[in-house]
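As the structure is a computational prediction, the values presented were derived from the model and not from experiment.
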Amino acid sequence: MKSVFKKPGDIADLVLKSTLPSAIPRYDRDVSNWVGPRTDLLAANTRLPTKAEPIDGGWIAFTSPEGDCYYLHRERHIVTHTNIRAQPAQQKLISAHNRLVELGRAKDPQIADCEVYIHILTETPVSSQLEYYFIDVSAQHPFWVHGVRMQDFGLSGFETTDHLKATLVPEFWTHMEYFAVHHKLEKSWEKELIAIFRHGCADDMTSFGSTFPYGAKECREHLQTLEGFVASDEHSGYRTATFARLWASITRVRQINGYGLPGPRLDRNQGLAEFKKSQQPTVILRILDALFLRLPRSKFDRITELWNGRVVFQRHWHIYFDEQRSEWLRLAVLSSALFMFVTATHHLP
């Protein structure tokens with residue numbers, strides 16, 4: 001699936017696999033609040049730890065805005081979803097980090113200062129399989145200490161570094177959303193996102209073919225939320241996660257539309273006229289289209305417009321579905337009325 005390398009270690013053989021932030025099985029894990037034996041005995045004068053109280057070994061536990069727990073090793077900049085309260089898990093994560101830094105230091109002497117996600121996938125008495133990626137915050141993308149194939153990640157190839165960056169930047173923002181609590185975004189990133197939504201609002205109101213992923217109403221609602229965070233001037237994981245999720249959405253759509261690349265999609269209907277001209281119906285289809293008062297052709301044109309270039313804009317599909325439901329309802333009412341009329345007249349003497 002992904003590139004794998006293996007090296008004997010003092011704990012067990014560690015198999016390290018490259019992965020992407022979007023490939024983290026965050027929403028596919030079993031739902032369970034219990035990971036060990038339970039007890040009903042509460043000792044006298046029990047005091048509970050604070051959220052940020054360090055765990056043995058230099059780890060700190062955080063809870064994401066969605067309720068997911070993750071752990072951070074501040075000195076080594078490791079983030080993980082692995083339950084590190086068990087000592088063997090800590091040792092494996094530290095051992096894996098040492099090997100990754102050793103591999104990457106030759107090309108990047110400062111790699112130990114980069115944040116890295118490491119997670120234990122499977123464990124046996126003799127080996128453990130872990131997945132990882134590093135994060136370059138300044139360049140906004142993940143990276144790995146060995147060569148990887150884009151198709152192993154389910155991604156298409158790239159022609160230039162600009163194409164590659166357009167593909168990887170959304171992954172950076174996905175990481176920032178998943179591990180938001182200990183991160184504070186730069187104000188320039190927040191200001192730019194607000195400016196993007198302001199422009200997107202105006203673009204949707206003034207252009208029928210706007211490629212912005214949100215409508216004007218949604219833009220105003222998001223702006224109210226984002227500007228509220230900025231006005232409060234308080235840092236929180238909720239603030240970081242909200243900005244990061246919207247940044248991930250915007251950058252994914254930009255990647256699909258070729259934003260900043262040669263030949264970008266600037267209009268939703270771009271290239272539609274040429275495509276329609278290339279579609280020449282057969283004689284039989286022309287006859288059927290005429291018999292049905294051009295209804296099939298109008299439906300085909302509308303669906304082609306909505307799926308132009310195999311890019312679907314959700315809000316436009318919703319409008320089309322609402323129109324279809326209304327049309328089906330009118331036909332059902334008309335058919336029922338016609339049926340009752342025919343039935344009534346059929347029994348007349």
Side-chain angles (χ1 to χ4, degrees), residues 20-23 136 139-143 149-151 153-178 185-186 188-223 225-226 241-279 300-321:
L20 287 171
S22 61
D136 187 329
Q140 299 183 4
H141 68 79
F143 68 97
R149 295 179 61 86
M150 299 297 286
Q151 65 181 16
F153 292 142
L155 302 174
S156 59
F158 57 95
E159 297 178 18
T160 66
T161 54
D162 289 336
H163 287 91
L164 179 61
K165 183 174 182 180
T167 301
L168 295 182
V169 167
E171 298 293 336
F172 165 78
W173 288 111
T174 299
H175 171 84
M176 296 297 282
E177 179 195 351
Y178 289 176
L185 299 183
E186 296 182 11
S188 60
W189 294 346
E190 296 180 343
K191 290 180 179 179
E192 184 179 0
L193 185 64
I194 289 175
I196 288 172
F197 270 90
R198 286 173 176 168
H199 175 266
C201 180
D203 190 43
D204 183 68
M205 291 188 295
T206 58
S207 173
F208 177 76
S210 172
T211 60
F212 200 70
Y214 301 100
K217 182 177 181 295
E218 293 174 301
C219 287
R220 287 191 290 269
E221 292 172 349
H222 285 313
L223 280 170
T225 300
L226 299 178
T242 301
F243 273 89
R245 177 176 292 190
L246 291 174
W247 258 122
S249 175
I250 295 298
T251 51
R252 282 196 181 92
V253 172
R254 286 184 168 184
Q255 188 266 331
I256 291 171
N257 290 324
Y259 180 90
L261 300 174
R265 180 190 302 276
L266 303 178
D267 189 280
R268 188 167 57 90
N269 297 319
Q270 194 169 332
L272 182 61
E274 290 75 11
F275 175 78
K276 287 182 177 180
K277 290 179 181 178
S278 66
Q279 302 299 303
F300 173 80
D301 290 343
R302 185 68 191 282
I303 293 175
T304 301
E305 174 189 312
L306 293 171
W307 203 43
N308 182 35
R310 298 188 177 184
V311 176
V312 177
F313 290 80
Q314 188 178 38
R315 66 184 188 278
H316 298 292
W317 273 102
H318 287 168
I319 294 173
Y320 176 70
F321 291 151

### Task
Taking all heavy atoms of R252 and all of P170, pick out the closest pair and write down the distance.
CG-CB, 3.5 Å
### Query
Checking side chain to side chain contact (heavy atoms under 4.5 Å, CB included) for the pair Q270/N257: CA distance, chi angles, key distance, verdict?
CA-CA 11 Å; Q270 194 169 332; N257 290 324; over 6 Å; no
### Side chain proximity check, M150 to T167, heavy atoms < 4.5 angstrom
yes
### Query
Counting distance only, does the side-chain N/O of S249 pair as donor-acceptor with the main-chain N or O of R245 below 3.5 Å?
no
### Message
Surrounding CZ of F143 (heavy atoms of other residues, nucleotides or ligands, distance under 6.0 Å), is the total greater than 12?
### Response
yes
#### Entry: Test side-chain hydrogen bond (donor to acceptor under 3.5 Å, both in side chains) applied to H318 - qualifying residues, sequence neighbours left out
none
### Message
Which heavy atom of P264 sits nearest to which heavy atom of G258, and what is that distance?
### Response
CB-O, 3.2 Å
### Query
Taking C-beta and beyond as the side chain, do L168 and F158 meet within less than 4.5 Å on heavy atoms?
no
### Task
Mark yes or no for whether Q140, through its side chain, and W173, through its backbone, hold a donor-acceptor pair below 3.5 Å.
no
### Query
CG of L193 to NZ of K191: how many Å apart, nearest 0.5 Å?
13.5 Å
### Query
About how many Å separate CZ of R254 and CD1 of I196, when rounded to the nearest 0.5 Å?
4.0 Å
### Query
Does some side-chain heavy atom of R315 sit less than 4.5 Å from a side-chain heavy atom of D204?
yes
### W247 side chain near E192 side chain, heavy-atom distance below 4.5 Å
yes
### Query
Distance from S207 atom OG to F212 atom CZ, nearest 0.5 Å?
13.0 Å
## Note on the structure
d(H175 NE2, S22 OG) to nearest 0.5 Å is 13.0 Å
## Note on the structure
Here the gap from E190 atom CD to L185 atom CG, rounded to the nearest 0.5 Å, amounts to 5.5 Å
### Query
With a 4.5 Å limit on heavy-atom distance, are the side chains of L266 and T211 in contact?
no
### Task
Could you tell me whether the side chain of F197 reaches within less than 4.5 Å of the side chain of I250, counting heavy atoms only?
yes
### Task
Would you give the length of the straight line joining atom CD of E177 to atom CZ of F172, rounded to the nearest 0.5 angstrom?
12.5 Å
### Query
Relative to each other, are the rings of W317 and Y320 parallel, tilted or perpendicular (30° and 60° limits)?
perpendicular
### Task
Report yes if the side chains of L226 and F243 come closer than 4.5 Å at any heavy-atom pair, otherwise no.
yes
### Query
Cation over ring, R268 on F208, under 6.0 Å and within 45°?
yes
#### Entry: H222-T225 side chain donor-acceptor pair, cut-off 3.5 Å
no
